[in-house]
Peer 1: 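Sending over a structure as structure tokens; questions will come in a sec.
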Amino acid sequence: MKLFKIYTLDDPVVHQKAKPVAMPLDEKTKQTILDMIEYLKESQIPEIAEKYHIRSGVGIAAPQIGISERFYAIYFEDENGKLYEYGLVNPVIVSSSAKRAYLKTGEGCLSVPVDEKGYVYRYFRITLKAYDVVSSKDVTLHLSGYPAIVFQHEYDHLDGVLYIDKINKLDPFHEEEGAIAIE
Ligand code: K2U
Ligand code: NI
């Protein structure tokens, strides 16, 4: 298991807009992305997370490991047991719903050491295109609900945007009309 240094709020790289990845993908970048997926898998095993003092994650973006390029890894199962395992390169959200959604519990981030409470409003549904290292194909993903939230959280990292930047500072638990609360 490759242990990554996680860059945090104090590091400029997490606040910068990352650069597109040159294609075709070089072997080094491909291996880094596969290592990021493995890191997520292992982080979700309590004994391993404790042994290596790492926080559990369902996604991780290149800027969070100090690489200012447009790729991120995803690894989690949704409540129906569907596995989301992707290594996405140069992702683009090609369409999104007017309907917005937020996690009732708020969000967290491996790059934000102290959780900030509050609602983070995102699109409820997105269509995202990218090259996927796992399938070695260009993919078009139709996502909604919790999976859409996760993919957007990572997508924001590629633009140097953190979830704390999206919380209403005057009223962190402001209820946006018509938004869907995701438990
Ligand atoms: O990008 C990251 O820092 C990883 C985040 C992703 C994320 C947080 C909140 C909402 C959507 C995505 C971490 O996975 S936060 C920790 C976590 C761990 C297990 C399950 C849910 C959240
Ligand atoms: Ni994050």
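Just so it is clear, the values below take in all heavy atoms, side chains as well, and ignore hydrogens, waters and symmetry mates.
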Peer 1: Mind running side chain to side chain contact (heavy atoms under 4.5 Å, CB included) on E116 and C109 for me, showing each step along the way?
Peer 2: CA-CA 9 Å; E116 195 167 310; C109 182; over 6 Å; no
Peer 1: Is the gap between the ring centers of F71 and Y131 under 6.0 Å?
Peer 2: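 No, the ring centres sit 6.0 Å or more apart.
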Peer 1: Are L9 and V112 close enough, and set up right, to give a side chain to side chain contact (heavy atoms under 4.5 Å, CB included), and what steps lead you there?
Peer 2: CA-CA 6 Å; L9 280 180; V112 179; 4.3 Å; yes
Peer 1: If you define the side chain from C-beta out and look only at heavy atoms, does anything of Y86 sit under 4.5 Å from S135?
Peer 2: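 Y86 vs S135: side chains apart.
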Peer 1: Start with the C-alpha distance between K117 and D171, add both sets of side-chain angles, then the distance that settles salt bridge (charged side-chain N to carboxylate O under 4.0 Å, His left out), and finish with yes or no.
Peer 2: CA-CA 11 Å; K117 299 292 174 221; D171 180 6; over 6 Å; no
Peer 1: Is there a path of hydrophobic side-chain contacts, each under 4.5 Å between heavy atoms, that joins I164 and V114?
Peer 2: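 No, it is not one cluster - the side chains of I164 and V114 are not joined through contacts under 4.5 Å.
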Peer 1: Before giving the answer on side chain to side chain contact (heavy atoms under 4.5 Å, CB included), spell out for F76 and V150 the whole-Å C-alpha distance, their side-chain angles and the decisive distance to 0.1 Å.
Peer 2: CA-CA 10 Å; F76 68 92; V150 174; 3.8 Å; yes
Peer 1: Would you find a donor on one side and an acceptor on the other, under 3.5 Å apart, between the side chain of N168 and the backbone of L170?
Peer 2: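 Pair found, side chain donor or acceptor close to backbone of L170.
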Peer 1: Do V14 and T8 have side chains that approach each other closer than 4.5 Å (heavy atoms only, starting at C-beta)?
Peer 2: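 They are not in contact (no side-chain heavy atoms under 4.5 Å apart), so the answer is no.
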Peer 1: Can you tell me how far CG of L83 sits from CG of D78, rounded to the nearest 0.5 angstrom?
Peer 2: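 One gets 9.0 Å once the value is rounded to the nearest 0.5 Å.
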Peer 1: Are Y146 and I126 joined in one hydrophobic group, where the rule is that I, L, V, M, F, W and Y side chains link up if heavy atoms are under 4.5 Å apart?
Peer 2: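 Same cluster.
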Peer 1: Charged N to carboxylate O below 4.0 Å: is that the case for E107 and R122?
Peer 2: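 Answer for the salt bridge query: yes.
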Peer 1: Take I180 and K99, measure what side chain to side chain contact (heavy atoms under 4.5 Å, CB included) needs, and give me the verdict at the end.
Peer 2: CA-CA 8 Å; I180 297 172; K99 177 66 74 179; 3.7 Å; yes
Peer 1: Is there a side-chain contact between L158 and K17 in this structure, where contact means two heavy atoms from C-beta onward sitting under 4.5 Å apart?
Peer 2: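 Counting from C-beta outward, L158 and K17 never come under 4.5 Å.
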Peer 1: Counting distance only, does the side-chain N/O of Q31 pair as donor-acceptor with the main-chain N or O of E27 below 3.5 Å?
Peer 2: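 No: the side chain of Q31 does not pair with the backbone of E27.
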Peer 1: Is there a donor-acceptor pair closer than 3.5 Å between any side-chain N or O of T127 and the backbone N or O of S95?
Peer 2: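 No, the answer is negative, given that no donor and acceptor are paired below the 3.5 Å cut-off.
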Peer 1: Check whether more than 12 heavy atoms from other residues, nucleotides or ligands sit under 6.0 Å from atom NZ of K5, and answer yes or no.
Peer 2: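 Enclosed.
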Peer 1: Do you know the tightest heavy-atom contact between G87 and V134?
Peer 2: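 Residues G87 and V134, closest heavy atoms: N-CG2, 3.8 Å.
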Peer 1: Indicate, with yes or no, if L40 and L34 share a hydrophobic cluster defined by side-chain heavy-atom contacts under 4.5 Å among Ile, Leu, Val, Met, Phe, Trp and Tyr.
Peer 2: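 Yes; tracing contacts between hydrophobic side chains, which count when under 4.5 Å, links both residues.
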Peer 1: Can you find a heavy atom in the side chain of L141 that is under 4.5 Å from one in the side chain of L88?
Peer 2: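 Contact flag for L141/L88 side chains = yes.
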Peer 1: Measure across P91 and A130 and return the closest heavy-atom pair with its distance rounded to 0.1 Å.
Peer 2: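 Here P91 and A130 meet closest at CA-CB, 3.6 Å.
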Peer 1: With clusters defined by side-chain heavy atoms of hydrophobic residues (ILVMFWY) lying less than 4.5 Å apart, directly or transitively, does I37 cluster with I74?
Peer 2: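 No; tracing contacts between hydrophobic side chains, which count when under 4.5 Å, never links both residues.
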Peer 1: Can a donor-acceptor pair be found between the side chains of T32 and D35 at a distance below 3.5 Å?
Peer 2: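 No, no side-chain donor-acceptor contact under 3.5 Å.
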Peer 1: Going by heavy atoms in the side chains, are D138 and K129 under 4.5 Å from each other?
Peer 2: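 No, their side chains stay 4.5 Å or more apart.
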Peer 1: Who else is in the cluster with F173 when I, L, V, M, F, W and Y are joined by side-chain contacts under 4.5 Å?
Peer 2: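 For the cluster that includes F173, the remaining residues are Y102, Y119, Y121.
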Peer 1: Does Y155 have more than 12 heavy atoms from other residues, nucleotides or ligands lying within 6.0 Å of its OH?
Peer 2: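 Yes, enclosed.
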Peer 1: Is there a path from L128 to V89 through hydrophobic residues (I, L, V, M, F, W, Y) whose side chains come within less than 4.5 Å of each other?
Peer 2: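 Shared cluster, no.
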Peer 1: Would you call R100 and E176 a salt bridge, using N to O less than 4.0 angstrom?
Peer 2: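 Result for this pair is yes, salt bridge flagged.
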Peer 1: Indicate yes or no: at least one non-hydrogen side-chain atom of Y39 is less than 4.5 angstrom from one of K2.
Peer 2: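 The answer is no, as the side chains (C-beta and beyond) never meet within the 4.5 Å cut-off.
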Peer 1: Strictly below 4.0 Å, N to O, side chains only: are E85 and K41 in salt-bridge contact?
Peer 2: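 Yes, this pair counts.
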Peer 1: Using every non-hydrogen atom in the two residues, find where Y7 and P63 come nearest and quote the distance to one decimal.
Peer 2: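 That closest heavy-atom pairing would be CB-O, 4.0 Å.
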Peer 1: Would you indicate whether the side-chain heavy atoms of D165 and D156 approach each other to under 4.5 Å?
Peer 2: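 A side-chain contact is absent here, since even the closest heavy-atom pair is not under 4.5 Å.
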Peer 1: Hey, mind stepping through Y75 and Y84 against ring-ring contact (aromatic ring centres under 6.0 Å, His included) and telling me if it holds?
Peer 2: CA-CA 5 Å; Y75 188 86; Y84 290 80; over 10 Å; no
Peer 1: Run the salt-bridge test on D132 and K30 with the 4.0 Å N-O cut-off and return the result as yes or no.
Peer 2: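 The answer is no: the pair does not qualify as a salt bridge.
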Peer 1: Side chains of Q44 and S56 only: does a donor on one sit below 3.5 Å from an acceptor on the other?
Peer 2: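 Per modelled atom types, Q44 and S56 side chains form no pair under 3.5 Å.
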Peer 1: Taking side chain to side chain contact (heavy atoms under 4.5 Å, CB included) as the definition, give me every residue that meets it alongside P20, ordered by chain and number, with sequence neighbours left out.
Peer 2: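 Partners of P20 under the side chain to side chain contact (heavy atoms under 4.5 Å, CB included) test: R70, N90.
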Peer 1: Would you mind reporting whether I149 and L103 have side-chain heavy atoms less than 4.5 Å apart?
Peer 2: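 L103 reaches I149 side chain to side chain.
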Peer 1: Would you find a donor on one side and an acceptor on the other, under 3.5 Å apart, between the side chain of N80 and the backbone of K82?
Peer 2: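 No, the answer is negative, given that no donor and acceptor are paired below the 3.5 Å cut-off.
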Peer 1: Hey, is NZ on K169 packed in by over 12 heavy atoms from elsewhere, all under 6.0 Å?
Peer 2: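 Buried by this count: over 12 neighbours within 6.0 Å.
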